[in-house]
Amino acid sequence: MHIVIPDDYQHVIRTLDCFRKLQGHQVTLYHDAASDLDTLAERFRDADALVLTRERTTIDAALLARLPRLRLISQTGKIAPHLDLAACTAAGVAVAEGSGSPVAPAELAWALMLNARRELPAAIEALKQGRWQVNMGRALQGQTLGIWGYGKIGRRVARYAQAFEVPVLVWGSEASRRAAEADGHRAAASRAEFFATADIISLHLRLTDTTRYLIGPVDLARMKPDALLVNISRAELLQPGALLAALQAGRPGFAALDVYEQEPIFDPAHPLLQLPNVLCTPHLGYVEQGGYELYFGQAFDNVVAFAEGRPQQLANPAVLARP
């Protein structure tokens with residue numbers, strides 16, 4: 001099979017141990033970020049299979065119509081709105097789904113909290129410039145951590161909070177709140193209380209039609225002037241421009257972000273990068289050695305199984321019944 005892998009920004013996929021699973025197949029990798037329909041159609045036109053790095057490339061009906069040779073899309077991690085599953089099925093393209101791990105994103109959430117609260121990036125940069133102790137950070141102990149979304153990642157973040165003696169306040173679905181209370185945490189009585197009470201809010205929601213643009217200016221305005229918003233999930237959980245405006249208005253006072261409305265960001269003049277009260281990382285939540293071996297190892301297993309005539313982990317098994 002001819003396998004095309006786009007969006008290998010770091011030139012690392014060939015270095016993974018799991019890449020050996022594709023021996024005997026033709027593999028083409030692209031290392032930039034392309035979104036233009038004509039460019040993607042040209043790059044993918046000879047592909048029998050695509051291996052997608054999470055949600056970096058959008059697959060829709062318009063693109064599929066120009067890829068008559070394509071037979072399989074192997075997704076690293078879970079399927080998200082970037083991939084039109086119904087359009088894939090209509091086009092006769094099988095979609096194999098992987099799984100993920102909460103470890104790397106949960107650890108990054110805590111790394112961002114610690115760095116933002118202790119103001120470490122500014123202190124480190126000042127030290128490199130010959131300046132000593134230029135700021136005063138804050139410890140996390142005793143601050144209330146608000147977690148919206150008590151799934152695998154949210155639960156792990158809450159467990160880390162116990163080691164730091166940080167009380168947890170949870171908001172989300174009724175099931176999430178019940179699960180949090182069963183684990184010994186407090187569930188907020190209302191959405192308004194959640195935003196007004198938490199010293200730190202960490203978002204751990206999947207992006208769906210119901211969560212897109214869920215958080216708006218009214219929610220952010222309820223946050224404390226010294227509160228910190230952490231988002232390693234998806235920028236689209238917030239209404240466009242709402243966070244930038246809120247930060248400029250002073251509620252919340254700080255943010256630590258790993259996700260953005262448009263990715264990747266190459267412009268150093270991006271407004272969020274200019275704010276001294278914002279800590280930004282380039283979507284590193286799942287970008288970690290062990291995580292990549294897991295994500296791509298599963299995706300490559302699904303490609304090999306499909307090539308050998310035993311498709312597995314299909315999100316659209318009905319496609320196999322097509323003539």
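Worth knowing before you read on, the calculation uses all heavy atoms, side chains too, and leaves out hydrogens, waters and symmetry mates.
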Could you pull out every donor-acceptor pair under 3.5 Å between side chains of residues 182-206 and any protein atom, sequence neighbours left out?
{"unit_1": "D183", "atom_1": "OD2", "unit_2": "Y150", "atom_2": "OH", "d": "2.7"}
{"unit_1": "R186", "atom_1": "NH1", "unit_2": "E193", "atom_2": "OE2", "d": "3.2"}
{"unit_1": "S190", "atom_1": "OG", "unit_2": "E193", "atom_2": "N", "d": "3.0"}
{"unit_1": "R191", "atom_1": "NE", "unit_2": "D219", "atom_2": "OD1", "d": "3.0"}
{"unit_1": "R191", "atom_1": "NH2", "unit_2": "L214", "atom_2": "O", "d": "2.6"}
{"unit_1": "R191", "atom_1": "NH2", "unit_2": "D219", "atom_2": "OD2", "d": "2.7"}
{"unit_1": "E193", "atom_1": "OE1", "unit_2": "A189", "atom_2": "N", "d": "2.5"}
{"unit_1": "T197", "atom_1": "OG1", "unit_2": "E193", "atom_2": "O", "d": "2.7"}
{"unit_1": "D199", "atom_1": "OD1", "unit_2": "K224", "atom_2": "NZ", "d": "2.8"}
{"unit_1": "D199", "atom_1": "OD2", "unit_2": "T144", "atom_2": "N", "d": "2.8"}
{"unit_1": "S202", "atom_1": "OG", "unit_2": "H204", "atom_2": "NE2", "d": "2.7"}
{"unit_1": "R206", "atom_1": "NH2", "unit_2": "I79", "atom_2": "O", "d": "3.0"}

Can you give me every donor-acceptor pair (side chain of residues 35-47, partner residue at least two apart or in another chain, under 3.5 Å) with its distance?
{"unit_1": "D36", "atom_1": "OD2", "unit_2": "D38", "atom_2": "N", "d": "3.1"}
{"unit_1": "D36", "atom_1": "OD2", "unit_2": "T39", "atom_2": "N", "d": "3.0"}
{"unit_1": "D36", "atom_1": "OD2", "unit_2": "T39", "atom_2": "OG1", "d": "3.2"}
{"unit_1": "D38", "atom_1": "OD1", "unit_2": "R66", "atom_2": "NH1", "d": "2.7"}
{"unit_1": "D38", "atom_1": "OD1", "unit_2": "R66", "atom_2": "NH2", "d": "3.2"}
{"unit_1": "E42", "atom_1": "OE2", "unit_2": "R45", "atom_2": "NH2", "d": "3.4"}
{"unit_1": "R43", "atom_1": "NH1", "unit_2": "D32", "atom_2": "OD1", "d": "2.7"}
{"unit_1": "R43", "atom_1": "NH2", "unit_2": "D32", "atom_2": "OD1", "d": "3.3"}
{"unit_1": "R43", "atom_1": "NH2", "unit_2": "D32", "atom_2": "OD2", "d": "2.9"}

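Among all heavy-atom pairs drawn from P6 and L52, the shortest one is CG-CD2, 4.2 Å. Across L228 and A256, no two heavy atoms sit closer than the pair CD1-N, 3.7 Å. Residues L220 and A242 share a closest heavy-atom pair of CD1-O, 3.6 Å. Residues K78 and S99 approach most closely at CE-CA, 4.5 Å, considering heavy atoms. In terms of heavy atoms, E288 sits closest to G290 at OE2-N, 3.0 Å. Between S101 and L294, the shortest heavy-atom contact is CB-CD2, 3.7 Å.
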Would you sort out whether L314 and L320 count as a side chain to side chain contact (heavy atoms under 4.5 Å, CB included), showing the intermediate values?
CA-CA 10 Å; L314 294 190; L320 299 179; 3.7 Å; yes

Between D301 and K21, is the side chain to side chain contact (heavy atoms under 4.5 Å, CB included) condition met? List the steps.
CA-CA 7 Å; D301 284 341; K21 295 180 178 184; 3.0 Å; yes

Is there a side chain to side chain contact (heavy atoms under 4.5 Å, CB included) between V259 and I232 once you walk through the steps?
CA-CA 6 Å; V259 289; I232 66 162; 5.8 Å; no

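Proximity of T53 to D8: side-chain heavy atoms (C-beta onward) are nowhere separated by under 4.5 Å. Looking at L145 and V157, their side chains come closer than 4.5 Å, going by heavy atoms from C-beta outward. In this structure the side chain of P240 reaches within 4.5 angstrom of the side chain of Y213, judged on heavy atoms. Residues Y295 and V287 have side chains not in contact (no heavy-atom distance under 4.5 Å, counting atoms from C-beta outward). Residues M113 and F164 form no side-chain contact, since every pair of their non-hydrogen atoms from C-beta on lies 4.5 Å or further apart. Residues L64 and C88 have side chains in contact (heavy-atom distance under 4.5 Å, counting atoms from C-beta outward). Residues H2 and V4 meet the side-chain proximity criterion, which asks for heavy atoms closer than 4.5 Å. Taking the side chain as every heavy atom from C-beta outward, Q289 and L16 approach each other to under 4.5 Å.
When atom types are taken as modelled, the side chain of R117 and the backbone of A139 share no donor-acceptor pair closer than 3.5 angstrom. Under the 3.5 Å distance criterion, the side-chain polar atoms of R56 are matched with a main-chain donor or acceptor of D7. A donor-acceptor pair under 3.5 Å links the side-chain atoms of R177 to the main chain of G172, judged by distance alone. Although no hydrogens or angles enter the test, the distance criterion places no donor-acceptor pair under 3.5 Å between the side chain of N302 and the main chain of Q313. At distances below 3.5 Å, not a single donor-acceptor pair connects side-chain atoms of E119 with backbone N or O atoms of A122. In this structure, the side chain of T208 engages the main chain of T210 through a donor-acceptor pair within 3.5 Å. At distances below 3.5 Å, not a single donor-acceptor pair connects side-chain atoms of D48 with backbone N or O atoms of M1. Panel note: side chain Q129, backbone R131; no donor-acceptor pair is recorded below 3.5 Å. Between the E293 side chain and the C18 main chain, a donor and an acceptor come within less than 3.5 Å of each other. At least one donor-acceptor pair closer than 3.5 Å links the side chain of Q274 to the backbone N or O of P268.
Between E308 and R310 there is a salt bridge, since at least one side-chain N of the basic residue sits less than 4.0 Å from a carboxylate O of the acidic one.
Atom CG of residue D267 and atom CD of residue Q262 lie 12.5 Å apart, to the nearest 0.5 angstrom. Between I5 atom CD1 and I13 atom CD1 the span is 5.0 Å, to the nearest 0.5 Å. One distance of note links CG of L257 with OG1 of T281; it measures 8.0 Å at 0.5 Å rounding. One distance of note links CG of L72 with CD1 of I3; it measures 8.5 Å at 0.5 Å rounding. To the nearest 0.5 Å, atom OH of residue Y292 and atom OG1 of residue T15 are 10.0 Å apart. For the atom pair CG of L67 and CD1 of I59, the computed distance is 7.5 Å after rounding to the nearest 0.5 Å.
F254 and L247 fall into different hydrophobic clusters, where Ile, Leu, Val, Met, Phe, Trp and Tyr are joined by side-chain heavy atoms under 4.5 Å apart, directly or via other members. Both L108 and L140 are members of a single hydrophobic cluster when ILVMFWY side chains are connected at heavy-atom separations under 4.5 Å. When hydrophobic clusters are built by joining Ile, Leu, Val, Met, Phe, Trp and Tyr residues whose side-chain heavy atoms come closer than 4.5 Å, directly or via intermediates, F296 is grouped together with L22. If you chain together hydrophobic residues whose side chains sit under 4.5 Å apart, L284 and Y160 fall into the same group. Note on L120: it does not cluster hydrophobically with W110, by side-chain heavy-atom contacts below 4.5 Å among ILVMFWY residues.
Pairs passing the side chain to side chain donor-acceptor pair (under 3.5 Å) check and including a residue from residues 83-97, sequence neighbours excluded, read T89-N316.
Side-chain contact of Q75 with R54: a donor-acceptor pair under 3.5 Å is absent, judged by distance alone. Side-chain contact of T57 with H82: a donor-acceptor pair under 3.5 Å is absent, judged by distance alone. Between T76 and Q298, the side chains place no donor N or O within less than 3.5 Å of an acceptor N or O (distance only, hydrogens not considered).
Using bins of under 30°, 30° to 60° and over 60° for the plane-to-plane angle, the ring pair W171/W148 lands in the perpendicular bin. The aromatic rings of H11 and H31 lie parallel to each other, with less than 30° between the two planes, well short of the 60° mark.
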